[in-house]
Amino acid sequence: MLNTPERITTDILVIGGGSSGLWTAKGAKEADPNADVLIVDKSFRDWGGLMHLSGGDLEVCRGGDSAEDWVKDFTYYWDGLCQQDVMETIWQQSHEIFEEYQRLGCTYLKDDEGSYRSVPQRSLDHVRLFPVAVKGTGGPNARAAMIREMERLGVRRLGRIEITELIKKNDRIVGAVGFNYVTGQPLIFQAKAVVIAAGIASWKPSYNQNTACGEGPCLAFRAGAVLRNFEFLHIWNVPRDFEWEGQTVLMPLGAKFVNREGEVFMNRYSPILGPNTDPHYITRGMALETLAGRGPITLDLSAIEEKDHPIVRPKAGRHLLHYDKLIDEGIDFFRDKFEWITQVQLSNGAVETGENGETAVKGLYCAGRCRSLDPGVYMGGFALMTTAITGRMSGRAAAEFIAGAEAVDLDTKAAASMLEATFAPLGKEGVTPAEVLTDLQKIITPYDVSILKTAGALHRAQQQLQQLREEKLSHLAAADPHYLLKLEEVKAIADVTDFYLTAALFREDSRAGHFRADFPHRYDDWLCWVNLYNEGGRAVPKKKFVPTADYKFPVERFYCDNFTF
Amino acid sequence: MIRFINAELCIGCGTCVENCPLDTLRMNDEGKAYIAYGDDCHSCYLCELACPVGAIFVHPFKKPFPSPFSHLKEGGEDNA
Ligand SMILES: Cc1cc2nc3c(=O)[nH]c(=O)nc-3n(C[C@H](O)[C@H](O)[C@H](O)COP(=O)(O)OP(=O)(O)OC[C@H]3O[C@@H](n4cnc5c(N)ncnc54)[C@H](O)[C@@H]3O)c2cc1C
Ligand code: SF4
Ligand code: SF4
């Protein structure tokens, strides 16, 4: 029998306390200091999300560049799939966030003359990243600064709580349910507005990213929000045996992936860009090289200049500890050759929103990586900057919404029955979440499912997923509340796998982070997003065309055209 | 992945348990930290960095992910 749920009331409930959740709370409190804002996170209170583990480097539009210059770069880099108005607003605000972080005590690298150092990204004309002053301190410093802000602003925070469902009344979101997985206490949250800042989905790749598992987009989808960009995966090139943080600065500063013969193979796949491009193109090259028997792939760092060492070499914190531990194992990252592989890390799919993070559901907002902006190709410093800005936007919008919204009493009985369903597998015997996770990783990993995709392979993966649902997912059990959390996570990862396969199969075109070996070109009738709509619980894909007529800048250059794949 | 917590050194302060993002560590009945859910570790070192007495060792290698050829080994078709 379920313990009596505890009921907690707030004005704005923020699900997730990472970069976007913290900036949401800041935006909401600054807009309305009287609003009660509560952050709940499934990790420990105030851990700060992936920002805590991150490099802390930021993309900032500054130094003579205009937001319009950046929007043109993004339209080109994203092969047309760029919401130009939204991205212009974002880059207009980026300098303000950069200054705010510095006001809060964060520091960024400067040269001897006192000018900021920056690293151009992906051979683009304007977009660049600003590295932190001391490599290894950036993420922890940004997190500490934001927690001080939470204290100053009086934001309430709770940790170790997994939110499992949103509560709706008269088509409006009025709260959520969840549980504390250490104590096993079920919880009901009543709120006037809810912001999901729960990140995107990971298949738990061990790249310090095993936290968010797609619960955010899944919660929003079940409540009726529309999903977008699910055909794009976040695939990274990683050392086979360990993780390494900071690739977005290595490539522009001269690092090159080479095959067994020492050939810089990306020169073959892109004579124009060569090795300095995005991992989503490099991993395609790596897969082809490996399939052609020219593996293993290694990274050549010999061209990195001494003056750039402060940008690439860890100097403090967990990054330095990691470097030193590898030395103890006989591996010097900057000296030795070791194998690199491709790895599916995250889903890039998230929730489609309006300009300020509002979803198709009244009272529900999405921020950070849980709000979809980008089609799978990445640039260093993009995530921390955009999660801050979209967080602040959602916080402000939610504060405005609650000012005009009536309080709604949620139905405690209905909430309690949602919790009963969540707790049903607790204490039972059955399939473990760990077993299902391994199966899901196996389904998503094959080259022909994740990198050089084909209809045949995607169908095969769909069948495997269906079989997994029938044979194992429906028999999941949790020995204790910790495993109930793990169970919720694998359920979300399974749904995300489903969204991915549906969208990847639907897009018969190749652009940005999506490559179909059976449709290897971009086609004009695919200058659209693939949106997923909830029709009776099923994710139904539909094209949403890019509004080129309303675009400020024409879509006439395509980054994917630089490649011969 | 987390390898061990030295119970002799552990002073039972609970800092590592509080600082593990994945709830991998818990306190046992003797008031010492132990690895309760080792499989969940994602090698972030937050516990090791926080431990005041150096009782924790996290190994720098990660858990292997399935190979991109796993479908071939299992007899699936090669569409790549
Ligand atoms: C090692 C590493 C280095 C990086 N370096 C950089 C960098 O230098 N520059 C850069 O721009 N980006 C970097 N990134 C990426 C960047 O840190 C993240 O993309 C960004 O912080 C994501 O913010 P977010 O708020 O959207 O999501 P997250 O940080 O994932 O936060 C989501 C939060 O929601 C919580 N949550 C999830 N589901 C639930 C639920 N159901 N109930 C309650 N809580 C839930 C999670 O615990 C988490 O705390 C790096 C990432 C990593 C892993
Ligand atoms: S390394 Fe990180 S995930 Fe692993 S036990 Fe320590 S704090 Fe937890
Ligand atoms: S932080 Fe160190 S001393 Fe404190 S409980 Fe953990 S292992 Fe023991």
Side-chain angles (χ1 to χ4, degrees), chain A residues 42-45 47 49 52-53 160 181-182 203-211 238 240-243 287-288 290-291 317-318 321-322 325-326 328-329 331 341-344 434 438 441-457 460-461 464 482-483 485-486 517-518, chain B residues 1-5 13-29 33-80:
Chain A
K42 71 169 171 176
S43 192
F44 64 87
R45 181 181 183 266
W47 94 287
H52 190 145
L53 307 174
R160 304 289 186 202
Y181 59 84
V182 177
W203 276 269
K204 302 203 184 193
S206 288
Y207 177 66
N208 299 157
Q209 298 188 107
N210 293 9
T211 50
V238 293
R240 193 193 58 203
D241 298 324
F242 51 91
E243 59 109 351
L288 289 168
T290 307
L291 288 169
R318 47 179 288 278
L321 179 65
H322 182 58
K325 281 184 182 248
L326 290 172
D328 291 345
E329 294 296 318
I331 300 167
I341 56 167
T342 62
Q343 190 179 57
V344 175
T438 306
Q441 289 174 338
K442 278 190 188 155
I443 291 175
I444 199 81
T445 306
Y447 282 153
D448 52 2
V449 175
S450 56
I451 301 181
L452 310 165
K453 314 174 197 181
T454 64
R460 180 191 72 222
Q464 290 169 334
H482 173 92
Y483 285 114
L485 164 73
K486 298 296 132 187
D518 46 0
Chain B
M1 296 286 287
I2 184 144
R3 276 276 172 86
F4 62 79
I5 298 178
C13 65
T15 312
C16 57
V17 175
E18 282 162 27
N19 280 279
C20 173
L22 291 164
D23 187 33
T24 302
L25 313 175
R26 292 280 179 96
M27 300 303 284
N28 65 18
D29 294 341
Y34 75 104
I35 303 167
Y37 305 102
D39 253 14
D40 293 330
C41 174
H42 68 172
S43 318
C44 66
Y45 302 118
L46 293 188
C47 54
E48 189 174 325
L49 281 167
C51 177
V53 294
I56 302 178
F57 179 75
V58 179
H59 192 275
F61 283 11
K62 62 190 176 191
K63 209 160 64 175
F65 207 73
S67 135
F69 301 113
S70 57
H71 64 300
L72 299 180
K73 284 184 204 131
E74 281 161 21
E77 54 181 318
D78 179 11
N79 290 300

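Lettering of chains follows the sequences in order, A, B, ..., and the numbering in each one begins at 1.
When heavy atoms are compared at a cutoff of 4.5 Å, Arg160(A) approaches chain B solely by way of its side chain, counted from C-beta outward. When heavy atoms are compared at a cutoff of 4.5 Å, Ile331(A) approaches chain B solely by way of its side chain, counted from C-beta outward. With a threshold of 4.5 angstrom between heavy atoms, Pro64(B) does not approach chain A through any atom at all. Both the backbone and the side chain of Val182(A) come within contact range of chain B, with heavy atoms under 4.5 Å apart. Only the side chain of Tyr483(A) comes within less than 4.5 Å of a heavy atom of chain B; its backbone N, CA, C and O stay farther away.
Ranked by heavy-atom pairs under 4.5 Å with chain A, the first of Ala36(B), Cys44(B), Ser43(B) is Cys44(B). Here Asp23(B) is the residue among Leu46(B), Asp39(B), Asp23(B) with the most heavy-atom pairs under 4.5 Å with chain A. Ranked by heavy-atom pairs under 4.5 Å with chain B, the list Gln343(A), Lys325(A), Lys453(A) is led by Lys325(A). Heavy-atom pairs under 4.5 Å with chain B peak, among His52(A), Glu243(A), Arg240(A), at His52(A).
No donor-acceptor pair closer than 3.5 Å links the side chain of Tyr207(A) to the backbone N or O of Val238(A). Listed for the Glu48(B) side chain is a donor-acceptor partner under 3.5 Å among the backbone atoms of Val58(B). No side-chain donor-acceptor contact under 3.5 Å links Thr24(B) to the backbone of Cys20(B).
The aromatic rings of Phe69(B) and Tyr447(A) lie perpendicular to each other, with more than 60° between the two planes, well past the 30° mark. Between Tyr37(B) and His482(A), the ring planes lie parallel to each other; the angle is under 30°, not in the 30° to 60° tilted range.
With salt bridges taken as basic N to acidic carboxylate O contacts below 4.0 Å, one links Asp448(A) and Arg460(A).
In the model, Glu329(A) has a side-chain atom that pairs as donor or acceptor with a side-chain atom of His59(B) under 3.5 Å.
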